[in-house]
Amino acid sequence: MLFLVFLYKACNSLAPSILLHSCRLSTTDTMMKLAVLAALAGSASAFAPSTSGVRAVTSLAAKSESLPFLEAPPNLDGGVGDYGFDPFRFSDFVPIDFLREAELKHGRICMMAWLGFVAVDLGFRVYPVPEGFEGLTSVTAHDAAVEQGGMSQMLLWFSLLEIFDTVAVVQMLEGSGRAPGDFGLDGGFLKGKSEKEIETMKLKEIVHCRLAMFAFSGVVTQAVLTQGPFPYV
């Protein structure tokens, strides 16, 4: 009987503390769940569209005219012959006037080089022909000219021309107002022409320059592979 009375009193004394502990556990568990939900809601809101009243604008970068699967290089200035072709993005770190000067120079050289290369293999010669040069082709003439000394003379004279060209290019990049590739040698073809006609002539030149660079590379490759006369087939 005394044991039952003791058990009853013990239960009565422990019941409030057990109930309070249970409530504390329940409250703690609920708060943890709320904290997790708040964190999830916060992270989800980062990916949700803005509702601040400001309309979202999607800006699409302009595409290159010649390579529509690439972005248009931002430094190209839309000049004559500009079709947005700069896949290696040279214009990002080289002045565009310098690039245009180089393109015109190499294109003009290749136009003359293609004509001279083919003319030799068609039989044209500048008389008197030096001894030992009678039966040479454009391909075999290189080694013969090196041994004879002609190539050394060409290197000297072209190097002097490059010095004058470098001075002109440096002045152009410093703001002299000179247009790339302009040496004042128009042969009278631009005299009395309008700005539109001059731009048309410039476009024709740059198109032929680009074609000549491919053409000269191709004709030299084909001549070496076939070792035959023009048309190297």
Side-chain angles (χ1 to χ4, degrees), residues 66-67 79-83 85-88 90 97-169 172 178-193 196-233:
S66 58
L67 301 172
V80 177
D82 180 9
Y83 297 101
F85 185 85
D86 186 14
F88 297 107
F90 290 118
D97 285 345
F98 181 87
L99 294 173
R100 187 169 288 120
E101 177 88 20
E103 183 178 31
L104 285 168
K105 178 195 293 185
H106 288 85
R108 290 165 178 171
I109 291 173
C110 283
M111 284 191 284
M112 293 186 291
W114 186 92
L115 181 62
F117 194 96
V118 173
V120 169
D121 285 343
L122 288 176
F124 288 91
R125 296 291 187 272
V126 176
Y127 294 95
V129 178
E131 184 179 352
F133 279 34
E134 292 81 2
L136 296 179
T137 65
S138 293
V139 174
T140 58
H142 177 273
D143 293 345
V146 171
E147 294 178 3
Q148 184 260 353
M151 281 292 183
S152 300
Q153 296 181 32
M154 292 175 63
L155 177 61
L156 173 63
W157 291 111
F158 287 142
S159 298
L160 291 175
L161 291 176
E162 281 294 317
I163 292 174
F164 292 107
D165 180 52
T166 301
V167 173
V169 172
M172 176 188 67
R178 170 185 176 271
D182 185 5
F183 294 96
L185 302 174
D186 61 8
F189 291 105
L190 302 181
K191 186 177 181 180
K193 295 188 180 294
K196 185 176 181 180
E197 291 174 327
I198 292 175
E199 284 195 3
T200 300
M201 295 295 289
K202 289 181 177 180
L203 180 61
K204 290 179 179 179
E205 181 186 31
I206 194 64
V207 169
H208 284 82
C209 283
R210 292 166 179 170
L211 178 61
M213 286 187 278
F214 282 107
F216 184 67
S217 300
V219 77
V220 172
T221 301
Q222 192 71 5
V224 172
L225 290 177
T226 62
Q227 294 294 319
F230 184 82
Y232 315 112
V233 291

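In what follows, every heavy atom counts, from backbone to side chain, and hydrogens, waters and symmetry copies are set aside. Throughout, residue positions are numbered sequentially from 1 according to the sequence presented. Quick caveat: nothing in here was measured; it's all calculated off a predicted structure.
Not counting sequence neighbours, F214 has no partner by the side chain to side chain contact (heavy atoms under 4.5 Å, CB included) test.
Sorted by first and then second residue, the salt bridge (charged side-chain N to carboxylate O under 4.0 Å, His left out) pairs with a member in residues 199-210 read E103-R210, R108-E205; sequence neighbours excluded. Screening residues 159-168 for salt bridge (charged side-chain N to carboxylate O under 4.0 Å, His left out) gives K105-E162, K105-D165 as the qualifying pairs, with residues at least two apart or on separate chains. Within the structure, ring-ring contact (aromatic ring centres under 6.0 Å, His included) contacts touching residues 126-154 (residues at least two apart or in different chains) do not occur. Listed by first and then second residue, the side-chain hydrogen bond (donor to acceptor under 3.5 Å, both in side chains) pairs that reach into residues 221-233 are D121-Y232, sequence neighbours excluded. Pairs of residues two or more places apart, or lying in two chains, never qualify as salt bridge (charged side-chain N to carboxylate O under 4.0 Å, His left out) while including a residue from residues 129-143.
Taking CE from M111 and NE2 from H208, the interatomic distance works out to 8.0 Å, rounded to the nearest 0.5 Å. In this structure, L156 CG and Q153 CD are separated by 8.0 Å, a value rounded to the nearest 0.5 Å. In this structure, L211 CG and I206 CD1 are separated by 11.5 Å, a value rounded to the nearest 0.5 Å. Once rounded to the nearest 0.5 Å, the distance linking CG of L99 with CG of L104 reads 11.0 Å.
Checking side-chain atoms of S66 against main-chain N and O of Y83 turns up a donor-acceptor pair under 3.5 Å.
Residues R178 and F183 have side chains in contact (heavy-atom distance under 4.5 Å, counting atoms from C-beta outward). The shortest side-chain heavy-atom distance between S159 and L155 falls under the 4.5 Å cut-off. Looking only at side-chain heavy atoms (C-beta outward), V120 and T137 stay at 4.5 Å or farther from each other.
Summarising the geometry of A179 relative to M172, their closest heavy-atom pair is C-SD, 4.2 Å, with the distance given to 0.1 Å. The two atoms that bring V146 and M151 nearest to each other are CG2-CG, 3.7 Å, heavy atoms only. Residue A223 comes nearest to V139 through the heavy atom pair CB-CG2, 3.7 Å, listed as atom of the first residue, atom of the second, then distance. Pairing each heavy atom of A212 with each of G107, the nearest pair is CB-O, 4.0 Å. Pairing each heavy atom of A141 with each of L136, the nearest pair is CA-CD1, 4.0 Å.
In this structure, F98 places its CZ atom where only 12 or fewer heavy-atom neighbours from other residues, nucleotides or ligands lie under 6.0 Å away.
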